[in-house]
Structure formats: structure tokens, C-alpha cells
Number of protein chains: 2
Amino acid sequence: MTISSTFGRENNQRNMDTTGEVGSFFKSAFSVDNVIFGFDGGDLKVLLIQRGQAPFKDKWALPGDLVYPNEDLNTAAERVLEQLTGLRGVYLEQVKTFGAVNRHPLGRVITVAYITLIKISNYTVTAASFAQSAKWHNIDEVGDLAFDHNEILESCLRRLKRKVRTAPIGFELLPPKFTLTELQQLYDSVLRLPKRLDKRNFRKKILSMNLLVECPEMQEGVAHRPAKLYQFDREKYGQFVNEGFIFDI
Amino acid sequence: MTISSTFGRENNQRNMDTTGEVGSFFKSAFSVDNVIFGFDGGDLKVLLIQRGQAPFKDKWALPGDLVYPNEDLNTAAERVLEQLTGLRGVYLEQVKTFGAVNRHPLGRVITVAYITLIKISNYTVTAASFAQSAKWHNIDEVGDLAFDHNEILESCLRRLKRKVRTAPIGFELLPPKFTLTELQQLYDSVLRLPKRLDKRNFRKKILSMNLLVECPEMQEGVAHRPAKLYQFDREKYGQFVNEGFIFDI
DNA sequence: AGGGTTTGGTGTGAAAATGACAATAAGTTC
DNA sequence: GAACTTATTGTCATTTTCACACCAAACCCT
């Protein structure tokens, strides 16, 4: 069973008996689809795979798979992510379930969409067999996707935009040590506000939260004044939340 | 097929083959469950039904049903609501999908949870056959529910608390004409903040949005000074949203 | 070495939003 | 009409937001 594989038999459920027989309800399936976000310093990216089989052969799609009968939904989403990227223990959040009757041409399949935030540098193209067909796409250059994946992507992007302002999940997209400029660029490229965030106000605000710790070392390898590096202090954040703190940018 | 009915056959999917045979994936089902919120002027309420059959016979549960093979998820949620209350066209929002392997004792069933906001006065107990077993419960007096419905209810309540502050959905719980005090009581009982909202500040804020229109008539039948009645102006809200307005209380 | 280039880093003031506060008004009941 | 109940209204201090511009520190190049 590979990710986003198709089904091995001709099977159209759509005209089934919908009245008495309860058994007829057990002829549908569910899948998970992951919207895997990454950030390369400039643009927000999403990891897509190119389908090898019909339906939608050669189209780009969100990585996903059917959920095993004895597998929890979250576990399935984690599995899909790990099979594709080799990563475990990353940020994962359920967003929405898509269940239009005709969304899958080969049967009744509803899919639960997840967003995943990974540090793009941790992703190695060689992690999975279909690596050659997996590629980062700029978030606004994804084109026509398979199934209803454009709609799913939109929903997930909206969720990300909201969530990134109200929870410190942006850090999931950055390396452990980052500069304030990098952090701000992340927010700018996720939020895409009409005006970019103001540098001074942004730094004031984020530093006033006391969630960043200054690293002793500086940025290296840049052809200009190097910036201070910071780390996000997860522990402190936990404490603050207990005290009623609400992250807000 | 009745709401929250059980399955007519012995059927345990949990030890199925999970490897090759794709057909084995088409042996699961999905359902929708509705968290129907209402407000009676004092407390936030949720409409529960008492189960007539095993499993969880006699336990209180969220109204829900299996999704028909040719039925969209939203449609199923609307159907469940209508069968129970006779209401159509009310506020409905998908919240989250629950899919733990063992959440349903009779098979693999994942469920999509919805919240629904209705005007409690519109609800007539006689609307459906199971009306006798449907009852409004105070939100903090629901006790032990069937399945994982306590968890579902918690998630949906959290969502309601957030959403009620960022979108004008509170009005869905009130009659078309309401007083500012009623509106504030609604917010107080949904949000349950450590301190109740300040009357003067609340009125200032809500009126400054210019979303309420004053009715010519006054409150009637109260043993004290009658209050002005207001209506929510949906149209204006639509315009304001287009201009970038963000509802926020 | 020095000038050019690039990004890093910082403070102030005006405007708006928030939040705490209490007295009078308009009905009803008895 | 006296007692009671809820409705209605404004001010001020504090905090937050937002717009805005210059020098500093490193590198590159010649």
C-alpha cells in the first residue's frame, strides 16, 4: 500500500441502496491528507507529490493514504508524514473533513485533512520511495491539484494563517536558532498582509513576550552585519499559558 | 434507520487484515454527531437524546446518525438536525472528526462532529418520534455520555467559545428581537469568564459596531422598566466584512 | 585601508482601545 | 406614592497600537 494509491477494483458506490440494510454503510473508506508546510526563508511552501496512477495520473496532489482499519486517524496522518519525509514527532493538527459524495471517482471516500509544520532543512528527498515525485511548491504556485485538494489546501492555509497568530507554531517552520528577521519574514509570508509587518513594532512585540532566549553565538556566513540568534523557550511558554497568557501577534 | 441506531449485525472490524486487499478498507462507516446548542435566557444548553438500544442503552448521547452512502457530510448533519427538531437552515459548522479505533464498540466508525446553534423557542418537543427522549441539558450538567461524546462535546464547546467572539453567531441563539441585556447574558453564559462582562463597556462596544438596529417597540411583560429591543442586521454585517471588518468581542 | 553596500538594531509620540468605575431613569408591584 | 427592579448613560486613567528614520556593524571590492 503506497501513499495515495488507487483502489484495486472497479467499485462505484454511488448508486447503492441507502435504506434498510446496515451492511451497506460499511462499504466506504476514509483517508487522511496532509498539507505539509515548510519555509525556506523566502516563501511558504507546501510539499506535494505527483501521482503515478489513475485517477489523476501525473497530477500533483497532497500526500495521503487510506486509514487502516485498526489505525487511529492521527496515527495515519503521522504515518503518511513519516513515510514521505522520515520525520516523526512534528506539529500536526486536524483541520477539516471533506466528504462530498463524488470527491473520489472510485468510491465513497471521505478524507480528514491535517496540517503539518516541518523545518524544511530536516526534509531529505531520499526518505521515501516516491521521493523523486515529491516536491516543494510555493504556496501560490500549486496549480490544479488532484481530487478536491485545492479546496483542502485553501482550508488548511486559512487555518494556518489564523493559528500562526494565536499560537507559537511559527517556530515549527524555522530551525532551532533563528534571527528576528527570519521570524518576521516567516510571518510576512504566511500572513501576506497588505502591508508587511513593521520591523520595530514586530521586534518589540515578540521580545516583550519573553519567550525567546538570546543565543551566545551570532549568525554566520552572511555578507553583512550578522544578527543575533534566538531560540524559542517551549518550557516558559507552557508556564505562561498556565498563568493565562495568550499568544497573539 | 433512526438516529444513533445501532448496527443490525454482529460485526467486529478490529482484527482485520490491513495489508494488501483494498476491499478491506471499504468495511468501515462514518457518522455525524450534532452538538445542538440553545440558550434559554439563563444558561447555555445542549440537546441530548437518551439511547433506546445497546450499546449504551439508556445513556444520554449526542444526536447523530450514519451518513448515507450517497449523502454529503453537511447534508447528513442537516438531516439529523431536521429529524430531531424539524428545523432547517440553521447555523451549522463542522468542528472535528473523531476516529479512535475503539470509539464504537460494534465496528470501525469515525464520526464528524458539528455544532448547531438554534433558537430554543423554535424547538418543539413534538417534532420527531424520539422527542420524548430528547432533552435540553445545562452545559455543565450533562454527566456521562455514550461513546466518546463527552470528548466531542468539550471540543465543540471550545470551538463555540472561540467562534462566538470572532463571528456574530451568538445571535443565532437569540430570538430575532432581543435586548442588550439578553445579548450580554448570552455572552456571559457561553464564555464563563472569571469576571462577567462590564455592562457599560459591553453596550458601548456592541453598539459601536453598528450592526444592531433599534426596534420601534419595547420589551413587554416584564415587571420593571422595559428595555429597547434590537435586531441584528445581517446585510450590514456582510457589507462590513467585505470592507475588511472583523467582528470581535 | 577606505568607501560602498547590505542588513541589524533601536525610541518616540499621537491615536485608539481598553477597562474600571456609579448615579439617574422608567417602568412594575403593593 | 413608596419600594423595587432593571435600563440606560459618560469619564478618566491606562494600555496598546501604529507610523515613522537613523546610526551600527559586518562584508566586499578595489
Side-chain angles (χ1 to χ4, degrees), chain A residues 39-43 165-166 174-175 177-189 191-231 240 243-249, chain B residues 40-42 165-166 174-175 177-189 191-231 240 243-249:
Chain A
F39 178 66
D40 69 353
D43 296 294
R165 301 189 73 132
T166 56
L174 292 175
K177 300 180 178 187
F178 50 84
T179 71
L180 293 183
T181 301
E182 285 167 347
L183 184 60
Q184 185 189 333
Q185 278 166 345
L186 167 64
Y187 278 96
D188 276 327
S189 50
L191 297 177
R192 298 255 195 168
L193 299 171
K195 301 165 193 171
R196 326 186 69 229
L197 298 170
D198 179 86
K199 203 199 323 188
R200 277 179 285 193
N201 294 336
F202 176 79
R203 295 162 91 98
K204 233 183 303 176
K205 186 159 198 173
I206 198 88
L207 288 176
S208 73
M209 291 185 189
N210 279 99
L211 289 173
L212 300 186
V213 297
E214 214 170 301
C215 301
E217 67 269 34
M218 301 289 268
Q219 191 183 29
E220 279 176 24
V222 288
H224 55 79
R225 173 175 175 180
K228 286 184 201 161
L229 292 171
Y230 291 86
Q231 279 183 286
F240 288 170
E243 296 164 11
F245 170 79
I246 294 178
F247 187 91
D248 173 49
I249 282 194
Chain B
D40 69 353
R165 300 189 73 133
T166 55
L174 292 174
K177 299 179 177 188
F178 49 84
T179 70
L180 292 183
T181 301
E182 284 167 348
L183 185 59
Q184 186 188 334
Q185 278 165 346
L186 167 65
Y187 277 97
D188 276 327
S189 51
L191 297 177
R192 298 254 196 169
L193 298 172
K195 302 165 193 170
R196 327 186 70 230
L197 297 171
D198 178 88
K199 207 200 315 191
R200 278 179 284 195
N201 293 337
F202 176 79
R203 295 162 90 97
K204 232 182 305 175
K205 186 159 196 171
I206 199 89
L207 287 175
S208 74
M209 291 183 188
N210 278 102
L211 289 174
L212 300 186
V213 298
E214 214 170 303
C215 302
E217 67 269 33
M218 302 288 268
Q219 190 182 29
E220 279 176 23
V222 288
H224 55 79
R225 171 174 177 181
K228 285 183 202 162
L229 291 171
Y230 291 87
Q231 279 184 283
F240 289 171
E243 296 164 10
F245 170 78
I246 293 178
F247 187 91
D248 174 48
I249 282 195

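Computed from a prediction, not measured in an experiment: that's the story for all the values here. All heavy atoms count here, side chains included; hydrogens, waters and symmetry mates do not. Naming convention: chains lettered A, B, ... in sequence-line order (proteins, then strands); numbering from 1 in each chain.
- Residues B:V222 and A:T179 each lie close to DNA chain C; by heavy-atom proximity, the contact nearer the 5' end of the strand is made by A:T179.
- Rounding to whole angstrom units, CD of residue A:E214 and P of C:dG8 are separated by 15 Å.
- For B:R225, the side-chain atoms get nearest to D:dA7 when compared with the rest of D:dA7, C:dT18, C:dT7.
- Within the nucleic acid shown, B:K204 comes within 4.0 Å of at least one base atom, counting heavy atoms only.
- Between A:F202 atom CZ and D:dA19 atom C1' there is a gap of 17 Å when expressed in whole angstrom units.
- Here the straight-line distance linking atom OG1 of B:T179 with atom CD of B:Q185 works out to 7.0 Å at 0.5 Å rounding.
- Atom NZ of A:K199 sits about 6.0 Å away from atom OG1 of A:T181, to the nearest 0.5 Å.
- Enclosure of atom CD1 in B:I246 is not indicated, since only 12 or fewer non-hydrogen atoms of other residues, nucleotides or ligands lie within 6.0 angstrom.
- For the pairing with B:K177, the side chain to side chain donor-acceptor pair (under 3.5 Å) check across B:Q219, B:E217, B:E182 returns one residue only, B:E217.
- If you check distances only, the side chain of A:K199 does reach the base of C:dG9 with a donor-acceptor pair under 3.5 Å.
- Between B:E220 atom CD and C:dA26 atom C1' there is a gap of 15 Å when expressed in whole angstrom units.
- The distance from atom CG of A:L183 to atom CG of A:L212, rounded to the nearest 0.5 Å, is 7.0 Å.
- Side-chain atoms of B:K228 lie closest to D:dT8 of the nucleotides C:dA20, D:dT8, D:dA7.
- The distance from atom CD1 of B:I246 to atom C1' of C:dA17 is 15 Å, rounded to the nearest whole Å.
- Closest approach to the A:A223 side chain among D:dA7, D:dC27, D:dC20 is made by D:dC27 (side chain taken as heavy atoms from C-beta onward).
- Distance CG (A:N201) to P (C:dG9): 16 Å, rounded to an integer number of Å.
- Residue contacts for B:T181: at a heavy-atom cut-off of 4.0 Å it reaches the sugar-phosphate backbone alone, with no base atom in range.
- In this entry the distance linking CG of A:L197 with P of D:dT16 reads 19 Å, nearest Å.
- Relative to the side chain of A:H224, the nucleotides C:dA20, D:dC20, C:dT7 differ in distance, and C:dT7 lies closest.
- Protein atom CD of A:Q219 is 12 Å distant from nucleotide atom C1' of D:dA25, rounded to whole Å.
- Note on B:K205: only backbone sugar-phosphate atoms sit closer than 4.0 angstrom, heavy atoms only; bases stay farther off.
- In this structure, the nucleotide among C:dT10, C:dG8, D:dA7 sitting nearest to the side chain of B:R203 is D:dA7.
- The base of D:dA21 is paired with the side chain of A:R200 by a donor and an acceptor separated by under 3.5 Å.
- Rounded to whole angstrom, the span from the CZ atom of A:R196 across to the P atom of D:dA19 amounts to 15 Å.
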